[in-house]
Amino acid sequence: MALASRLLSRSRQLYARQIIGQIVVQHDHAMPVRSYAKEAAPSGLPPLKGDEMLKSIFYEVKNKFDIAFGVLRKEKITIDPDDPAAVSEYAKVIKTIREKVDLFSESQRIKYTIERQTQGIPDARTYLLMLQEIRIKSGLTDDLGAETMMMEALEKVEKEIKKPLLRSDKKNMALLLAEFDKINKKLGIRKEDLPKYEEELELKIAKEDLQGLKKDALEAMETHLKREEFKDEKMVNVKSLDIRNFI
């Protein structure tokens with residue numbers, strides 16, 4: 001029973017963050033979000049306020065949870081973060097859930113966050129600093145040192161034009177973008193490879209989720225076996241657990 005509740009709680013946490021967060025944003029910023037949502041029909045409904053908004057959010061969250069757990073009840077998930085095949089299969093399950101409940105992918109969420117939080121920033125320097133802040137808050141690393149290179153490119157352009165670079169300055173922004181193209185070429189980053197990078201990010205997130213599930217499962221079993229009546233039982237291999245039995 002302890003294991004079941006821990007696994008169920010963990011599963012709920014994994015989907016609650018995205019489901020609730022995006023639904024609240026959708027009600028608070030309806031038009032911007034709909035422009036990024038796939039197959040979203042335009043709404044002619046008046047804006048909701050107070051209790052009406054809370055009630056609408058509650059029913060929408062409940063509906064999305066029901067859909068998500070409906071998928072989880074059908075799909076076999078192997079709790080083995082060290083097995084690339086298990087991670088890939090779990091990532092596919094998450095993608096299925098995301099598409100059925102119309103949630104952002106991680107890359108779409110980051111893109112929306114960038115557009116929302118940088119809206120109205122007039123200068124290139126503050127914009128780049130905001131990108132760095134968003135990256136850190138998203139738990140992403142800059143292993144290639146791209147941010148430092150981008151800031152150095154900005155320093156070079158501003159030194160050349162002898163003033164701070166404004167984003168509205170199309171002529172000089174073109175100079176900065178040309179410098180960014182050189183950086184991308186140096187780092188081997190190509191636009192056509194973006195789908196591959198997005199897939200790698202989704203696999204990384206899937207692995208982290210499975211690591212969390214494995215940790216919770218092991219802790220639950222260890223707690224279970226410490227009880228006197230179960231001291232003679234053996235620890236079950238986490239990979240043999242079927243989450244569908246606990247939902």
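Residue numbers count from 1 along this sequence.
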Gap between atom [atom2] of [Y] and atom [atom1] of [X] - 0.5 Å precision:
| X | Y | atom1 | atom2 | result |
| --- | --- | --- | --- | --- |
| Asp209 | Leu213 | CG | CG | 7.0 Å |
| Lys64 | Phe69 | NZ | CZ | 14.5 Å |
| Ile94 | Leu203 | CD1 | CG | 12.0 Å |
| Glu115 | Ile110 | CD | CD1 | 13.0 Å |
| Leu241 | Leu218 | CG | CG | 9.0 Å |
| Ile183 | Glu152 | CD1 | CD | 8.0 Å |

Checking Glu155 against Lys159 for the salt bridge (Lys or Arg N to Asp or Glu O under 4.0 Å) test, could you report, in this order, the C-alpha distance in whole Å, the side-chain angles of both residues, the deciding distance, and whether it holds? CA-CA 6 Å; Glu155 296 279 359; Lys159 185 176 180 180; over 6 Å; no
For the student: nearest non-hydrogen atoms of Ile67 and Lys100, plus distance: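 Minimum heavy-atom contact is CG2-CB, 3.8 Å.
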So, for Val238 and Ala217, which heavy atoms are closest and what is the spacing to 0.1 Å?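 In terms of heavy atoms, the two residues are closest at CG1-CB, 4.2 Å.
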Charged N-O contact under 4.0 Å between [X] and [Y]:
| X | Y | answer |
| --- | --- | --- |
| Lys156 | Glu179 | yes |
| Glu200 | Lys204 | no |
| Lys92 | Glu202 | no |
| Glu147 | Arg135 | yes |

Any side-chain donor paired with an acceptor under 3.5 Å for [X] and [Y]?
| X | Y | result |
| --- | --- | --- |
| Asp143 | Thr141 | yes |
| Asp66 | Asn63 | no |
| Ser240 | Asn237 | no |

Answer yes if [X] and [Y] sit in the same cluster of Ile, Leu, Val, Met, Phe, Trp and Tyr residues linked by side chain heavy atoms under 4.5 Å apart, and no otherwise.
| X | Y | result |
| --- | --- | --- |
| Leu177 | Leu187 | yes |
| Ile77 | Val236 | yes |
| Met150 | Leu144 | yes |
| Tyr197 | Tyr112 | no |

Tell me, do [X] and [Y] make a side-chain contact under 4.5 Å, heavy atoms counted?
| X | Y | value |
| --- | --- | --- |
| Val93 | Leu72 | yes |
| Met173 | Leu166 | no |
| Glu158 | Asn172 | no |
| Ser105 | Arg98 | yes |
| Arg167 | Ile121 | yes |

With no hydrogens and no angle check, is any side-chain donor or acceptor of [X] less than 3.5 Å from a backbone partner on [Y]?
| X | Y | value |
| --- | --- | --- |
| Gln211 | Pro81 | no |
| Asp142 | Ala146 | yes |
| Asp193 | Lys196 | no |

Run the side-chain contact (heavy atoms from CB on, under 4.5 Å) check on Leu201 and Ile205 step by step: do they pass? CA-CA 6 Å; Leu201 177 59; Ile205 293 170; 4.1 Å; yes
Would one find more than 12 heavy atoms of other residues, nucleotides or ligands at under 6.0 Å from atom NZ of Lys171?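 Not more than 12 within 6.0 Å, no.
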side-chain contact (heavy atoms from CB on, under 4.5 Å) with Ile134: which residues, sequence neighbours excluded?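 Counting only residues at least two positions away or on another chain, Ile134 forms a side-chain contact (heavy atoms from CB on, under 4.5 Å) with Thr113, Ile114, Gln117, Met130, Ser138.
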Going by the rule side-chain contact (heavy atoms from CB on, under 4.5 Å), which residues pair with Met151 if we only count those two or more places apart in sequence or in a different chain?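 Only Arg125, Leu128, Leu129, Leu154 meet the side-chain contact (heavy atoms from CB on, under 4.5 Å) criterion with Met151.
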Would you please test Val87 and Leu210 for side-chain contact (heavy atoms from CB on, under 4.5 Å) and show each step? CA-CA 7 Å; Val87 173; Leu210 286 180; 4.0 Å; yes
